[in-house]
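In the text below, chain A, chain B and the rest are named by the order of the sequence lines, each starting its count at 1.
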Number of protein chains: 2
Amino acid sequence: MELNQNIHVAVDAIVFGYTAGKLHVLLIKQKYGLLKNKWALVGGFVKDDESLVDAVHRELYEEAGIRVNYLEQLYTFGDALDRDPRGRVISVAYFALVNSTTLELKADTDAEDAAWFPIDAVPDELAFDHAHILRTAHQRLQSKLTYQPVGFDLLPERFLFSELEHLYTTILGKEIDRRNFRKKMLSFGIVEETNEFGDKKSGRPAKLFTFNKLKYNELVENGFLFEINFA
Amino acid sequence: MELNQNIHVAVDAIVFGYTAGKLHVLLIKQKYGLLKNKWALVGGFVKDDESLVDAVHRELYEEAGIRVNYLEQLYTFGDALDRDPRGRVISVAYFALVNSTTLELKADTDAEDAAWFPIDAVPDELAFDHAHILRTAHQRLQSKLTYQPVGFDLLPERFLFSELEHLYTTILGKEIDRRNFRKKMLSFGIVEETNEFGDKKSGRPAKLFTFNKLKYNELVENGFLFEINFA
DNA sequence: ACAAAAGTGTTAATCTTACACCCATGT
DNA sequence: ACATGGGTGTAAGATTAACACTTTTGT
């Protein structure tokens, strides 16, 4: 095309994981460039013959060696002309969730290091406008939690009800009535009791539950809306 | 930057207006190129030194001579590599609303013609993947209507309650209980009665109402959530 | 026996739904 | 007087919110 445009297109992924009862985010320490040694979101330039999602998956794999559980486009950051010191770059940001069982990471070419940070302990200064992007993603997660069953994508396939409860209270930063929460969540019919028990240090043994995604999709077809709120 | 990337960045705007009791969308007849004479959304390439929103406003002004009332980023379309026959182009799509009082249009350089189409009578074949983008935007409008007071951006500053009612039923394609709708809408305290009357052909004269945006913003600060649903 | 977390019901208050008649104007 | 759309209240049903004690296990 003869058009003389000099704008570059990147993708960035905000990957959330829930481990040790805390929300974590995946960051990469920059290996080269002006921002060397700063922490940044996983991301990079899109190839000419590659779709945006493919680019995200590629970067996630190359830079951190992970496959995500949930991925959706978040927002395209392209209003600040100087958001990248190397030139005009717009970033299509994606929001991703991984379930905490395998948080294995392998550092690779583009990254000196990849690590999970608790959301309340990310480095003060992130590269580019990534602090801003992260804030946006965190808000999206919070609101999404109430009207889409994304919490399950952060938990292992089998989980304790108390873990689910705790995930909600931690991420939303709100207290919750255990009885009402359980009643409401079970009333949807998308969370099922297994007959296994989780292993815990103390207290009464607790059953493991699973999320029935097929059932959920089926209900959605018929106009079901997931919604979980509490004062 | 030495990076050799050959991806172009465009913006497109889906502009909705509500006139004559119907939802309309703004389209432009292509003047040049392979898609000459096809109808398309307002849009074009982003300049190197221009933010994305600025690009949208510029295109809206250049191609249709309008200023919009509400604008938000919708989605970035960049997965189909062949969505634009001219090369690899990703489009950051914006969702816009204009209030129906002034739907003046002036055609200009990039467009042979600009016109409003009723949403249920858009041309069968739109340029690029614009039919798809339009569908996405239409869904966004429908869902947004229920949890954000965007309906007011489609109406004149002073409007009849029946117009508001009608806007909801038309756009959502649902029936509605007039009494319950009015009660709920008024209960928020963001719609105010003026002491003027609208002019109508027949029936009892009806008061004009206004949307108090300041009040709404104030309420939102304090955690208010607009929500309007009906079976 | 005690510490720790799991599991479980009821009631009051609020919100939602369904429903129909009178009112003010123009013709 | 009649046609047209505007304006209004109430009661039943559904949902949400508030609240505390018993159970099962490990130590």
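Distances shown here put a side-chain N or O of A:Lys184 below 4.0 Å from the OP1 or OP2 atom of D:dT16. The shortest distance between the side-chain N/O atoms of A:Ser162 and the OP1/OP2 oxygens of C:dA6 is below 4.0 Å. Taking side-chain N and O atoms only, A:Ser202 has no distance below 4.0 Å to OP1 or OP2 of D:dG26.
Distance CZ (A:Arg179) to P (D:dA17): 14 Å, rounded to an integer number of Å. Separating the CZ atom of A:Arg182 from the P atom of C:dG9 is a distance of 11 Å, rounded to the nearest angstrom. Summarising the geometry, the separation between CG on B:Asn180 and C1' on D:dA14 is reported as 14 Å, rounded to the nearest angstrom. Atom CG in A:Asp177 sits roughly 16 Å away from atom P in C:dT10 (whole-Å rounding). When the C1' atom of D:dG7 is taken as reference, atom CG of B:Leu164 falls 15 Å away, rounded to whole Å. The nearest whole Å value for the distance from the CZ atom in A:Phe197 to the C1' atom in D:dG26 is 15 Å. The CG atom of B:Leu186 sits 15 Å away from the P atom of C:dT16 (whole-angstrom rounding).
The existence of a salt bridge linking B:Lys184 and B:Glu227 is excluded, since no basic side-chain nitrogen approaches an acidic carboxylate oxygen closer than 4.0 Å. The residues B:Arg158 and B:Glu196 are annotated as salt-bridged, a charged nitrogen and a carboxylate oxygen being separated by less than 4.0 angstrom.
For A:Lys183 against C:dT10, a side-chain-to-base donor-acceptor contact under 3.5 Å is present. For B:Arg178 and D:dG7, a side-chain-to-base donor-acceptor distance below 3.5 Å is present, hydrogens and geometry of angles not being considered.
The separation of C:dC22 from D:dC2, taken at their C1' atoms, amounts to 15 Å, rounded to a whole angstrom.
Side-chain contact between B:His132 and B:Phe77 is present, with heavy atoms from C-beta onward closer than 4.5 Å.
Remark on DNA chain D: of its neighbouring residues A:Lys201 and B:Glu193, the 5'-side contact belongs to B:Glu193, judged by nearest-heavy-atom nucleotide.
For the pairing with B:Tyr94, the side-chain contact (heavy atoms from CB on, under 4.5 Å) check across B:Leu52, B:Asp12, B:Val42, B:Val15 returns one residue only, B:Leu52.
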